[in-house]
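See below for the structure under consideration.
Predicted model, so just to flag it, every value in this text is computed and none were measured.
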Amino acid sequence: MENRTIIVVPYTTAWAETFERLAGIYRAQLGELVTGIEHVGSTSVPGLAAKPIIDIDIIIQGPAGLPSVVAVLERLGYTWRGDLGIPGREAFGRNADTSPLDGNGTSWPAHNLYVCVEGCTSLKNHLQLRNYLRQHPDAARQYGTLKQELAAKHPNDIDSYVEGKTAFITAILAHTGMEADDLKNITAQNKATK
């Protein structure tokens, strides 16, 4: 795995704008194959400092719909990477900065793309954490400060950065009513997302 410096930057509205442009392409190409497209992760929370990488969850009704979605995303310039050990969530890597291919040669900002089955634990975690932080600006500020401190302390150690965030994330998810069994998987999910 390549060694990249972890950079956490102040929030920008450009993240939401980029998500909407990307989601528009996915909606146009995937149509009724999907039941929703969600902007998740830190870039989806107004005011929250984040690594400038947009996280996107494309939602499908069930696993039977995955092959058709994979075929469309491959045409758009993504490679299916499997579930990376997280059931119900399939990861997709970009083949180039121009993925998704929009016919205009647009170079897109960094983003992580996932296809999630409705109701899977990973999707529930993403949405619960995002919604909580959107509704609690003080918690979002605390989380942003924590991430900036961790990035400064572990600029080249993604595992330590992720581990340092885990207690904060699990505390929020526990507060929102996440089941104990689901909380056990948070560390694995965070590492697979890095």
Mind listing the closest non-hydrogen atom pair of [X] and [Y] along with its distance?
| X | Y | result |
| --- | --- | --- |
| Arg130 | Val45 | O-CG2, 4.1 Å |
| Pro63 | Val117 | N-CG2, 4.1 Å |
| Tyr11 | Ala16 | OH-CB, 4.3 Å |
| Ser42 | Ala49 | CB-O, 4.2 Å |
| Gln148 | Val8 | CG-CG1, 3.7 Å |
| Cys120 | Cys116 | SG-CB, 4.0 Å |

[X] side chain near [Y] side chain, heavy-atom distance below 4.5 Å:
| X | Y | value |
| --- | --- | --- |
| Leu127 | Val40 | yes |
| Thr18 | Trp15 | no |
| Tyr132 | Leu173 | no |
| Asp55 | Thr43 | no |
| Leu33 | Ile60 | no |
| Leu73 | Trp80 | no |
| Arg21 | Thr106 | yes |
| Ile37 | Ile56 | yes |

When rounded to the nearest 0.5 angstrom, what is the spacing between [atom1] in [X] and [atom2] in [Y]?
| X | Y | atom1 | atom2 | value |
| --- | --- | --- | --- | --- |
| Asp157 | Glu163 | CG | CD | 9.0 Å |
| Leu123 | Ile58 | CG | CD1 | 12.0 Å |
| Leu129 | Ile169 | CG | CD1 | 6.0 Å |
| Ile6 | Lys51 | CD1 | NZ | 6.5 Å |
| Thr98 | Leu76 | OG1 | CG | 11.0 Å |
| Ile54 | Glu17 | CD1 | CD | 10.0 Å |

Checklist entry - Sequence neighbours excluded, which residues qualify as ring-ring contact (aromatic ring centres under 6.0 Å, His included) partners of His154? => result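 Listed in chain order: nothing, the list is empty.
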
Next on the checklist: If you count heavy atoms of other groups shown closer than 6.0 angstrom to CD of Glu20, is the number above 12?
Outcome noted: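 Check passes, neighbour count above 12.
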
Quick one: does [X]'s side chain have a donor or acceptor within less than 3.5 Å of a partner on [Y]'s backbone?
| X | Y | value |
| --- | --- | --- |
| Arg89 | Thr121 | no |
| Ser44 | Gly41 | yes |
| Arg94 | Trp108 | yes |
| Asp102 | Asn104 | yes |

Next on the checklist: Assess the residue pair Tyr161 and Lys147 against the criterion (side-chain contact (heavy atoms from CB on, under 4.5 Å)); give the C-alpha distance rounded to whole Å, side-chain angles, the decisive distance to 0.1 Å, and a yes or no.
Outcome noted: CA-CA 8 Å; Tyr161 172 82; Lys147 292 194 309 171; 3.5 Å; yes

Would you say [X] and [Y] are hydrophobically clustered, going by side-chain heavy atoms of ILVMFWY under 4.5 Å?
| X | Y | result |
| --- | --- | --- |
| Ile86 | Phe92 | no |
| Ile59 | Leu22 | no |
| Leu113 | Leu101 | no |
| Val115 | Ile53 | no |

Next on the checklist: Per the ring pair (Phe, Tyr, Trp, His ring centres under 6.0 Å) rule, what does the pair list look like for residues 22-66, sequence neighbours excluded?
Outcome noted: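 Passing the test, one end in residues 22-66: Phe19-His39.
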
Checklist entry - Should the ring pair Tyr114 and His126 be called parallel, tilted or perpendicular, given that the plane angle runs from 0 to 90° and is split at 30 and 60? => result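 Rings of Tyr114 and His126: tilted, 30 to 60°.
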
Checklist entry - What is the ring orientation for Tyr78 with His111, classed by angle as parallel under 30°, tilted 30 to 60°, or perpendicular over 60°? => result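 Because their plane-to-plane angle is over 60°, the rings of Tyr78 and His111 count as perpendicular.
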
